[in-house]
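Given the structure is predicted, the values throughout are model-derived calculations rather than measurements. For the numbers below, each heavy atom of this structure counts, side chains included, while hydrogens, waters and symmetry mates do not.
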Amino acid sequence: MLTFFFFLLQTIQVCLVPLCFVLAWGFIFILIWTIWSSVRDVTQRAQKMHQIPCANCQFFTHNYLLKCTVNPKVANTEEAIDCSDYKAQKF
């Protein structure tokens, strides 16, 4: 019985080394791909959020209770990107 397991182990070992090699590199590839896609998604989201003009609007109050006096539901969201009520602050 012990000789059978020894023979089986030696037979599997020939296939096990290449299989582990492929699995290890596959894991590294998936890890790098996941990190790359996460960074890409975060940068796309950040570019979209930087298009929101609310912080420079005359009607923006900088108060968390009432962010905008004209459109409080839309303030600081993606819907505010093309806000028709936007007026730049006068410094």
Side-chain angles (χ1 to χ4, degrees):
M1 183 79 165
L2 190 60
T3 57
F4 173 71
F5 284 127
F6 182 72
F7 175 73
L8 186 64
L9 184 64
Q10 284 186 343
T11 306
I12 292 174
Q13 191 174 11
V14 174
C15 299
L16 199 60
V17 172
L19 181 66
C20 288
F21 178 78
V22 170
L23 287 176
W25 278 106
F27 176 74
I28 290 172
F29 173 74
I30 290 173
L31 180 70
I32 291 172
W33 181 58
T34 302
I35 291 171
W36 170 255
S37 64
S38 298
V39 168
R40 184 190 65 220
D41 293 343
V42 166
T43 55
Q44 287 176 353
R45 181 74 175 158
Q47 288 174 350
K48 187 77 165 173
M49 295 305 286
H50 280 288
Q51 293 176 355
I52 297 174
C54 289
N56 299 326
C57 183
Q58 181 178 353
F59 303 113
F60 191 68
T61 62
H62 296 283
N63 184 353
Y64 72 95
L65 296 174
L66 182 64
K67 296 175 185 168
C68 179
T69 56
V70 179
N71 293 320
K73 289 185 179 180
V74 178
N76 286 339
T77 63
E78 291 181 11
E79 297 173 15
I81 290 176
D82 293 324
C83 183
S84 61
D85 297 319
Y86 174 76
K87 287 188 179 179
Q89 285 183 352
K90 297 178 183 176
F91 293 105

E79: salt bridge (charged side-chain N to carboxylate O under 4.0 Å, His left out) partners, not counting sequence neighbours:
none

Excluding sequence neighbours, so at least two apart, what forms side chain to side chain donor-acceptor pair (under 3.5 Å) with D85?
N71

Separation of L16 CG from L9 CG (nearest 0.5 Å):
8.5 Å

Report, as yes or no, whether the 6.0 Å neighbourhood of atom CG on L65 holds more than 12 heavy atoms from other residues, nucleotides or ligands.
yes

Nearest-0.5 Å distance, CZ of residue F59 to SG of residue C54
12.0 Å

Separation between CD1 (I81) and NE2 (H50), nearest 0.5 Å, reads 12.0 Å

Anything under 3.5 Å between a donor and an acceptor, one on a side chain of residues 29-43, the other on a protein residue two or more places apart or in another chain? List them.
from : atom 1 : to  : atom 2 : distance (Å)
T34  : OG1    : I30 : O      : 2.8
S37  : OG     : W33 : O      : 3.2
S37  : OG     : T34 : O      : 3.0
S38  : OG     : T34 : O      : 2.9
T43  : OG1    : V39 : O      : 3.1
T43  : OG1    : R40 : O      : 2.8

Do F6 and L2 have side chains that approach each other closer than 4.5 Å (heavy atoms only, starting at C-beta)?
no

Just checking H62: does its NE2 atom have more than 12 heavy atoms from other residues, nucleotides or ligands closer to it than 6.0 angstrom?
yes

Quick one: pull up CD1 in I12 and CG in L19 and give me the separation to the nearest 0.5 Å.
11.0 Å

Which atom names give the shortest non-hydrogen contact between A80 and I52, and what distance separates them?
CB-CG2, 4.4 Å

Do the non-hydrogen side-chain atoms of N76 and F60 ever get within less than 4.5 Å of each other?
yes

